[in-house]
Protein chains: 2
Amino acid sequence: MTNFPEAFDRFALQILSADLPDEAHRRFQSLARMTVLEKDRVLDFDYTRAQLVFVARGATKLVAHASESRDQIVAFHFVGDVFSIPERDNYSYSVCALTDCELLSMPAAEVLALAANEARILSHLLHNTTVSLQRCREKTIALGRKTAVERVAVFLLAMADRIGVEQGGVTSLDLPMSRRDIAESLGLTIETVSRQISLLREGGLIATSGRSGIALRDMAGLRASAGYLHEAA
Amino acid sequence: MTNFPEAFDRFALQILSADLPDEAHRRFQSLARMTVLEKDRVLDFDYTRAQLVFVARGATKLVAHASESRDQIVAFHFVGDVFSIPERDNYSYSVCALTDCELLSMPAAEVLALAANEARILSHLLHNTTVSLQRCREKTIALGRKTAVERVAVFLLAMADRIGVEQGGVTSLDLPMSRRDIAESLGLTIETVSRQISLLREGGLIATSGRSGIALRDMAGLRASAGYLHEAA
DNA sequence: CGCTTTTTTGAATCTGATCAAGACAGGTGG
DNA sequence: CCACCTGTCTTGATCAGATTCAAAAAAGCG
């Protein structure tokens, strides 16, 4: 579908300032590399250096390998998202395609060096990072203090917020990730995730269709199941 | 010990650029408010707006209230750290003093507005946020995929890195937080934390003295107990 | 329609939570 | 300086929620 210049322009629109001189624009462009990834494929990148990634199309998961056969999904990202892959330290990170997708990746340090005097760009990057931090903190709370049902409810609400489609008061979701992915994101097993989804369905809070279709039928009930603070506290 | 101008200067040194005109410097200064907090006291701030906090002295914990009697410590902060308190959303956040401390707090939005054209400042803030995000991601991995012993080992190594004192090849720690704090940070109970520390001691990996003293006697062993990737993988 | 893969469901097991004492640290006042 | 007292920490026994192991059911593909 897309070619590199088009993908880069969309990245530029969101992160680079509009009034950036062509010369500078080109320098940024020369840092970016586009990768077309089919579903389930892993992004190949230089893991000795932190990378900045723009999702031009599709959806991805950012996975940390805690040890053999223990992976933790750190975050999901969808079209238009910008995120960073940390360089390898105590863990090794990888980016995997949930659906066919197109990614622009560039070394974070070099982008930062180029942007060192561009307040507009830094401002966008800061905003992006702050949003990521906020999501990560909420995830921390879920993993640290919530039960299995609560985590699944939190997950569904968060996904509805990001990729849900509202129609006639009911929000529906087409989840691009498998039960395994959900489990690895929530620190649970696939069996537990499956059981909790069944419980929510039996409770009438959601309806499912096929593997990936979910309709949120009772938002208030879900928020309660998610263990969120009572509204207007 | 400190007065406001001195505390602010230290903040300025770290975050604001050196070449900032006095006029601008004063505008930032007028946003900041200093609070002297004794141990166990909670910072009073306007929770409808995200805040930026600088730790001029002492140590703090950033706590999220998941629901009554279920608190999750999101992060610990020590002298010189800058961090942000999110505005209240699904959870309410608070900052509590681990030791007597002095904090500078300012509304994040206003700081950002003032810094909108100051690339140096934005750059520092971005760096700070990136470090916070990195720590938060590591915490996510620990909470999602690690056992009780592993979490405690990860915690001790991370603390050693931040506030440990090396002396003759052995790193020792004087923990400013209680077992309860550790538990609330690791998503465990105090009993479990206590048991795991005892196990590490019995295994000869650490030695303890009093409530707060810990000596890391076997770094390699601790790294193994923490379930970190094998070096040079 | 048949095959493979993913998901769901069930039963047994295990890790960490809960409940309940007891030990210890460290501060207070005699 | 020591005895006492309070709150924190440790240890032990039991319990519960989630994992593991195992198998059946459903989804989606060719």
Side-chain angles (χ1 to χ4, degrees), chain A residues 38-40 66-72 98-100 142-156 173-203 206-214 225 227, chain B residues 38-40 66-72 98-100 142-156 173-203 206-214 225 227:
Chain A
E38 343 174 346
K39 185 164 152 52
D40 295 330
S67 62
E68 355 71 64
S69 78
R70 280 197 303 173
D71 286 348
Q72 173 66 37
L98 294 175
T99 64
D100 292 356
L143 298 188
R145 283 282 168 264
K146 287 188 183 286
T147 64
V149 218
E150 288 174 332
R151 292 186 206 185
V152 171
V154 165
F155 171 81
L156 292 175
L173 269 177
D174 186 57
L175 295 178
M177 68 286 284
S178 67
R179 297 287 186 265
R180 170 168 303 280
D181 291 328
I182 300 174
E184 289 184 353
S185 168
L186 299 181
L188 300 169
T189 58
I190 44 178
E191 293 95 328
T192 301
V193 169
S194 179
R195 271 184 259 269
Q196 305 311 325
I197 289 181
S198 296
L199 286 176
L200 290 174
R201 185 181 44 235
E202 286 157 21
I206 62 173
T208 59
S209 67
R211 295 191 197 298
S212 64
I214 297 211
S225 301
Chain B
E38 345 174 344
K39 185 164 153 51
D40 294 331
S67 62
E68 356 70 64
S69 78
R70 279 197 304 173
D71 287 348
Q72 172 67 38
L98 294 175
T99 63
D100 291 357
L143 297 188
R145 282 283 167 264
K146 288 186 183 286
T147 64
V149 217
E150 290 174 332
R151 292 186 206 185
V152 172
V154 165
F155 171 80
L156 292 176
L173 270 177
D174 186 58
L175 295 177
M177 68 286 283
S178 67
R179 297 289 186 264
R180 170 168 303 282
D181 291 328
I182 300 174
E184 289 185 354
S185 168
L186 298 180
L188 300 169
T189 57
I190 42 177
E191 293 94 328
T192 300
V193 169
S194 180
R195 270 185 260 269
Q196 304 312 325
I197 288 181
S198 297
L199 287 176
L200 290 175
R201 185 180 43 234
E202 286 158 20
I206 62 173
T208 59
S209 66
R211 293 192 197 296
S212 64
I214 296 209
S225 301

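Proteins get letters first, then strands, A, B, ... in listed order; numbering begins at 1 in each.
When distances are taken from the side chain of B/R201 to each of D/dA18, D/dT11, C/dG10, the shortest belongs to D/dT11. In the set D/dT19, D/dT11, D/dA18, D/dT19 carries the atom at the smallest distance from any side-chain atom of A/R195. Which of C/dA17, D/dA18, D/dT20 sits closest to the side chain of B/T192 comes down to C/dA17. If you check C/dG16, C/dT5, D/dA18 against the side chain of A/R211, the one that comes closest is C/dT5.
When the C1' atoms of four end pairs are superposed on the next four at each end of the helix from C/dC1-D/dG30 to C/dG30-D/dC1, using five pairs per end, the two resulting axes differ in direction by 40°, to 10°.
Between B/S194 and the phosphate of D/dT10, there is a side-chain N or O to OP1/OP2 separation shorter than 4.0 Å. Of the side-chain N and O atoms in B/S198, none sit less than 4.0 angstrom from OP1 or OP2 of D/dT10. For B/T189, no side-chain nitrogen or oxygen approaches OP1 or OP2 of C/dG16 to under 4.0 Å. For D/dT10, one of the phosphate oxygens OP1 or OP2 lies less than 4.0 angstrom from a side-chain nitrogen or oxygen of B/R179.
A straight line from CD of B/E191 to P of D/dT11 spans 12 Å, rounded to a whole angstrom. Residue B/L175 contributes atom CG, which lies 10 Å from atom P of D/dC9 at whole-angstrom precision. A straight line from NZ of A/K39 to P of C/dT6 spans 9 Å, rounded to a whole angstrom. One can place CD1 of A/I197 at 17 Å from P of D/dA26, the figure rounded to the nearest angstrom. Atom CG of A/L188 and atom P of C/dG16 are 15 Å apart (whole Å). D/dG12 atom P lies 16 Å from atom CD1 of B/I190, rounded to whole Å. Rounded to whole Å, atom C1' of C/dA17 lies 15 Å from atom CD of B/E184. The interatomic distance linking A/R151 (CZ) with D/dT19 (C1') rounds to 13 Å, in whole Å.
Comparing A/R145 and A/E202, the nucleotide of DNA chain C nearest to each residue sits closer to the 5' end for A/E202. Where A/V149 and A/S209 meet DNA chain D, the nucleotide closest to each residue was compared, and A/V149 sits on the side nearer the 5' end.
Using a 4.5 Å cut-off on side-chain heavy atoms (C-beta onward), A/K39 and A/D100 make contact.
Of the possible donor and acceptor atoms, one in the side chain of A/R179 sits under 3.5 Å from a partner among the backbone N and O of A/R211.
Heavy atoms only, all atoms of each residue included: A/E184 and B/R145 are closest at CA-NH2, 3.4 Å. B/L143 and B/L186 make their closest contact through CD2-O, 3.1 Å (heavy atoms, listed as atom of the first residue, atom of the second, distance). Contact between A/L173 and A/L156 at its shortest, heavy atoms only, is CD1-O, 3.9 Å. Of all non-hydrogen atoms in A/P176 and A/T99, the two that sit nearest each other are CB-CG2, 3.9 Å. Closest approach of B/I182 to B/M177, counting heavy atoms only: CG1-CG, 3.8 Å.
Under the 3.5 Å distance criterion, with hydrogens and angles disregarded, no donor-acceptor pair is assigned to the side chains of A/R195 and A/T192.
Across all strands shown, A/G187 has heavy atoms under 4.0 Å from sugar-phosphate atoms exclusively, and none from any base.
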